[in-house]
Amino acid sequence: MVHEWALAESIAMYVARVSKGRNVRRLVLSIGRLQSVDIEIFDFALKELLNEGNVVVDELKYLNEEILLKCRKCGFEWSPSLESLGSEVSECIHFIPEVIHSYITCPKCNSRDYDLLSGRGVKVVEVVLEEGGQ
Amino acid sequence: MDPRLLVISKRMEGVKAVVPAMSPKGGVGKTLIASSLALAFAERGRKVGLLDLDVTNASSHIVLGADLNESKPLEEKGVVPPLINGVKFMTICYYSGGNPLPLRGGDVDEAIKEVLATVIWSQLDLLLIDTPPGISDEVLDVVNYISEPRPLIVTTPSKLSIASIEKLLRVLSENGVKALGVVENMVVSEESAIKDLAGKYGVELIGRIPYDPFIEKSIGDVRILKSTSFFSKVSSLADKVLVKLGL
Ligand SMILES: Nc1ncnc2c1ncn2[C@@H]1O[C@H](COP(=O)(O)OP(=O)(O)O)[C@@H](O)[C@H]1O
Ligand SMILES: [Mg+2]
Ligand SMILES: [Zn+2]
């Protein structure tokens, strides 16, 4: 099992912590494209881990978040294509998304000083708990 | 709360002691000492890890003599660092591919959270951490995210360095972090103003390493490094650290 497992672990721990033994009616996660998370593997790992922790989640939803970068030097905003970087580089970015700064510069001014406005990695968007205790 | 912070203590579960090398001043020997200490612990048969958290300027792989194209972490329910010269070694350089990695503080913090949340250290006697100069994201992240770190404060005899470590000692003490000791590096004379300062903060001066003019030639070749007088001093420091930590 790959690195997705480690990412799912922190989400499972987080959900267990906020649900405090109650059932979760809805869990919505956003998956940033930059990290190229394999959602199938992630989903498998997360369900396994939630199960181990006796956390019941009725509905689990994934939203894809597009990558948006903004240059701090010239203000340009763009969405880079990861495909053009090749699979080896995408793999590096998969582990630590910030290393994108090692591979991409601003298309307008060539600066590496840009912000990742969106699309970085896995985020919890919404946890809706069932009413009352269990 | 960031979900990744919850998993960090689990990742560190099997690690008996976390020892970051710190000093607000650059060029005092943090990288050389942290990397050499890791080699010395490995030589003593200890399970030791080295994490390079000088994110934008990682360089401990050079001291370890690591070929980053040859040795890569494995994926196994997380990221498992390879053993390099007996040291379980993690650096962002596995992924930055020899390119520059200029980052703003927020991105440094993100990268560190990612590393701490995904790297599987398993069982370690010691995890050494190399940190950059300054009292910024890397140092604050170690203080905030890792439970009970025992920093080794590195300084030269220079007034400029001593003034800096006093600020660090204050920040650590405000955070309830107990420094393991102060190491005086590049010592050129017998006298030391550091002992008093360390004492003021209840920290022991646990090592004095002389200036070694031959060290430069040894960087990148672990065999030569281990034959230097610098390394023999670091080895004594390693023994002292083990005693202090009760390991
Ligand atoms: N005891 C020593 N004798 C001679 N040179 C040293 C000694 N300790 C460190 N150096 C050299 O000083 C420079 C800075 O060391 P480094 O470990 O990179 O410092 P830091 O990580 O604190 O910035 C390097 O060139 C290193 O080889
Ligand atoms: Mg350094
Ligand atoms: Zn630009």
Side-chain angles (χ1 to χ4, degrees), chain A residues 1-18 27 29 32 34-35 37-38 41 45-46 48-49 53 69-70 72-73 85-86 88-106 111-117 120-125 127, chain B residues 1-13 51-53 55-58 68-69 72-82 90-122 137-138 141 145:
Chain A
M1 185 60 60
V2 286
H3 158 250
E4 271 78 359
W5 186 278
L7 301 176
E9 252 179 312
S10 60
I11 300 294
M13 287 177 88
Y14 178 80
V15 175
R17 192 176 159 124
V18 298
L27 172 60
L29 302 176
L34 185 56
Q35 204 164 21
V37 171
D38 185 322
I41 298 176
L46 181 57
E48 193 86 1
L49 289 159
L69 308 179
K70 180 174 183 173
R72 275 185 175 256
K73 195 173 169 192
L85 293 174
E88 220 169 286
V89 171
S90 298
E91 173 96 354
C92 290
I93 295 172
H94 169 64
F95 287 108
I96 306 177
E98 284 65 39
V99 300
I100 188 175
H101 290 88
S102 287
Y103 299 100
I104 288 185
T105 59
C106 170
S111 170
R112 290 183 200 266
D113 186 14
Y114 47 81
D115 289 328
L116 253 159
L117 294 187
R120 182 192 181 277
V122 184
K123 278 190 308 206
V124 178
V125 178
V127 191
Chain B
M1 135 157 273
D2 190 311
R4 287 172 295 179
L5 299 182
L6 296 172
V7 89
I8 294 174
S9 54
K10 188 173 169 190
R11 301 282 179 251
M12 297 284 169
E13 231 166 40
L51 169 59
D52 196 333
L53 278 193
V55 176
T56 63
N57 185 39
L68 300 183
N69 295 313
K72 290 267 183 208
L74 291 175
E75 271 190 277
E76 179 66 40
K77 289 192 172 181
V79 175
V80 182
M90 184 65 197
T91 173
I92 200 162
C93 290
Y94 292 126
Y95 307 117
S96 56
N99 300 305
L101 183 58
L103 295 177
R104 297 274 178 173
D107 287 332
V108 169
D109 174 51
E110 283 292 325
I112 290 176
K113 281 189 282 199
E114 198 72 28
V115 165
L116 294 178
T118 56
V119 174
I120 311 289
W121 294 105
S122 306
D137 296 80
E138 298 84 346
D141 281 359
Y145 303 156

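Letters A, B, ... mirror the listed sequences (proteins, then strands); counts begin at 1.
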Peer 1: Inspect the contact between Asp141(B) and Lys113(B) and indicate whether a charged nitrogen and a carboxylate oxygen are less than 4.0 angstrom apart.
Peer 2: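 Result for this pair is no, no salt bridge flagged.
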Peer 1: Can you tell which of Ala117(B), Ala111(B), Gly98(B), Ser96(B) has the highest number of heavy-atom pairs within less than 4.5 Å of chain A?
Peer 2: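 The residue among Ala117(B), Ala111(B), Gly98(B), Ser96(B) with the greatest pair count is Ser96(B).
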Peer 1: In terms of heavy-atom pairs under 4.5 Å, which option from Val79(B), Thr118(B), Asp2(B) contacts chain A the most?
Peer 2: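 The answer is Thr118(B).
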Peer 1: For each of Asp113(A), Ile11(A), Val124(A), tally heavy-atom pairs with chain B at distances under 4.5 Å, and name the one with the top tally.
Peer 2: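 Counting heavy-atom pairs under 4.5 Å, the top option is Asp113(A).
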Peer 1: In terms of heavy-atom pairs under 4.5 Å with chain B, which of Glu88(A), Arg112(A), Lys123(A) leads?
Peer 2: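 Counting heavy-atom pairs under 4.5 Å, the top option is Arg112(A).
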Peer 1: Which atoms of Glu91(A) come close to chain B, meaning under 4.5 Å heavy atom to heavy atom: side chain ones, backbone ones, both, or neither?
Peer 2: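 Only the side chain of Glu91(A) comes within 4.5 Å of chain B.
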Peer 1: For Asp52(B), check side-chain hydrogen bond (donor to acceptor under 3.5 Å, both in side chains) against everything at least two apart and list the hits.
Peer 2: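 Result, side-chain hydrogen bond (donor to acceptor under 3.5 Å, both in side chains) vs Asp52(B): Ser60(B).
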Peer 1: Is the ring pair His3(A)/His94(A) parallel, tilted or perpendicular, if the boundaries are 30 and 60 degrees?
Peer 2: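 Taking His94(A) first and then His3(A), their aromatic rings stand perpendicular (interplane angle over 60°).
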Peer 1: Would you say Lys72(B) has more than 12 foreign heavy atoms packed within less than 6.0 Å of its NZ?
Peer 2: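 Atom NZ in Lys72(B) is crowded, with more than 12 foreign heavy atoms closer than 6.0 Å.
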Peer 1: Does any heavy atom of chain A fall under 4.5 Å from the side chain of Leu6(B), the backbone, both, or neither of them?
Peer 2: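 Looking at Leu6(B), backbone and side chain both touch chain A.
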Peer 1: Is Val119(B) in contact with chain A via its backbone, its side chain, both, or neither, using a 4.5 Å heavy-atom distance?
Peer 2: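 No part of it gets close to chain A.
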Peer 1: So, Lys10(B) and Glu13(B), do they make that salt bridge, N to O below 4.0 Å?
Peer 2: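 Looking at Glu13(B) together with Lys10(B), the answer is no, because their closest N to O distance does not fall below 4.0 Å.
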Peer 1: Suppose we screen for ring-ring contact (aromatic ring centres under 6.0 Å, His included). Which residues come up paired with Tyr94(B), at least two apart in sequence or across chains?
Peer 2: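 In terms of ring-ring contact (aromatic ring centres under 6.0 Å, His included), with neighbours along the sequence ignored, Tyr94(B) is linked to no residue.
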Peer 1: Under 4.5 Å from any heavy atom of chain A, what part of Arg104(B) do you find: side chain, backbone, both or neither?
Peer 2: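 Contact with chain A involves the side chain of Arg104(B) alone.
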